[in-house]
Amino acid sequence: MEAGGEEFAIGVVISAKTTMGEEFEGQIVAFDRPSNLLVIQEVVGRAERGERRNVRVLKANYIREFSVVSKGDDPLDPAGCMLDLNAIYAREDAALRQAEIEAERIGVGVTPEAQSIFDALSKTLPVQWDKTDIVVMKEVRVCSPYLPENVSGGTAAANERVKKVIDFERKRLHSRVPGQFS
């Protein structure tokens with residue numbers, strides 16, 4: 001793109017103002033002439049392992065004005081790229097573990113009421129699904145239709161606690177949407 005007779009060149013550091021009034025400074029990483037897309041890398045601070053950067057992708061015609069600050073090094077030079085692959089793999093593993101944990105909290109083949117009861121129990125007690133049964137503290141079992149009378153196993157105190165949460169959650173559900181969970 002030509003703006004005021006100047007070309008957006010790879011590696012140039014610019015100070016820009018958008019049509020929305022936002023101001024920023026960054027290095028041009030790429031410019032795609034057919035789509036008029038500009039990729040700009042901004043340094044946003046220093047981290048333990050180098051600089052932290054944001055990458056903006058925006059239409060060049062959204063830049064109201066800009067000025068060239070300096071000519072930087074080639075931003076795509078592999079020698080200058082600092083990727084901590086171990087940190088990336090660790091983040092990926094953590095994200096996968098978290099997704100598995102969240103998936104285990106969703107009951108398969110259960111009613112929305114059963115899921116709500118599970119979620120209410122999980123706020124204060126360790127719970128897991130065993131097919132369509134809710135298992136609390138690895139000893140108390142709540143079977144469908146998830147009424148206080150369907151609580152079995154565990155100590156009397158644990159049963160009472162689970163029954164109390166189930167009763168409270170069922171009352172809360174019925175008061176929110178009368179007739180839906182009858």
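Hydrogens, waters and symmetry mates are skipped; everything else that's a heavy atom, side chains included, is used.
Atom CG of L125 sits about 5.5 Å away from atom CE of M137, to the nearest 0.5 Å. Here the CD1 atom belonging to I166 is positioned 11.0 Å from the CZ atom belonging to R161, to the nearest 0.5 angstrom. The structure places OG of S144 at 9.0 Å from CD of E113, a figure rounded to the nearest 0.5 Å. Remark: E23 CD to E65 CD distance equals 7.5 Å, nearest 0.5 Å.
Residues I63 and F66 approach most closely at CG2-CB, 4.1 Å, considering heavy atoms. Of all heavy-atom pairs between Q115 and V110, the closest is OE1-CG2, 4.3 Å. Contact between V140 and G153 at its shortest, heavy atoms only, is CG2-O, 3.9 Å. The two atoms that bring Q27 and G11 nearest to each other are NE2-O, 3.0 Å, heavy atoms only. Here the shortest heavy-atom pairing between R141 and D133 reads NH1-OD2, 3.1 Å.
Side chains of S122 and R105: a donor on one and an acceptor on the other come within 3.5 Å. Using a 3.5 Å distance cut-off with no hydrogens or angles, the side chains of D119 and S116 do not pair a donor with an acceptor.
Taking a 6.0 Å sphere around NZ of K71, one finds it holds more than 12 heavy atoms contributed by other residues, nucleotides or ligands. Annotation: K59, atom NZ; neighbour count of heavy atoms from other residues, nucleotides and ligands within 6.0 Å is above 12.
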**Report entry** CA sep, side-chain torsions, deciding dist, call: D167, K163, salt bridge (charged side-chain N to carboxylate O under 4.0 Å, His left out)
**Finding:** CA-CA 6 Å; D167 192 39; K163 287 177 182 180; over 6 Å; no
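Following chains of ILVMFWY side-chain contacts shorter than 4.5 Å, one cannot reach V142 starting from L173, and the two form parts of different hydrophobic clusters. There is no path of hydrophobic side-chain contacts, each under 4.5 Å, that joins I134 to L147.
Only one option out of V39, V55, I40 pairs with V29 in a side-chain contact (heavy atoms from CB on, under 4.5 Å); it is V39.
Sequence neighbours left out, the pairs with a member in residues 112-142 that pass ring pair (Phe, Tyr, Trp, His ring centres under 6.0 Å) are F118-W129.
Of the possible donor and acceptor atoms, none in the side chain of E42 sits under 3.5 Å from a partner among the backbone N and O of G26.
Looking only at side-chain heavy atoms (C-beta outward), E22 and R56 come within less than 4.5 Å of each other. Taking 4.5 Å as the limit, every side-chain heavy atom of V127 sits out of range of all side-chain heavy atoms of V135. V68 has its side chain out of reach of V13: every pair of non-hydrogen atoms, C-beta onward, lies at least 4.5 Å apart.
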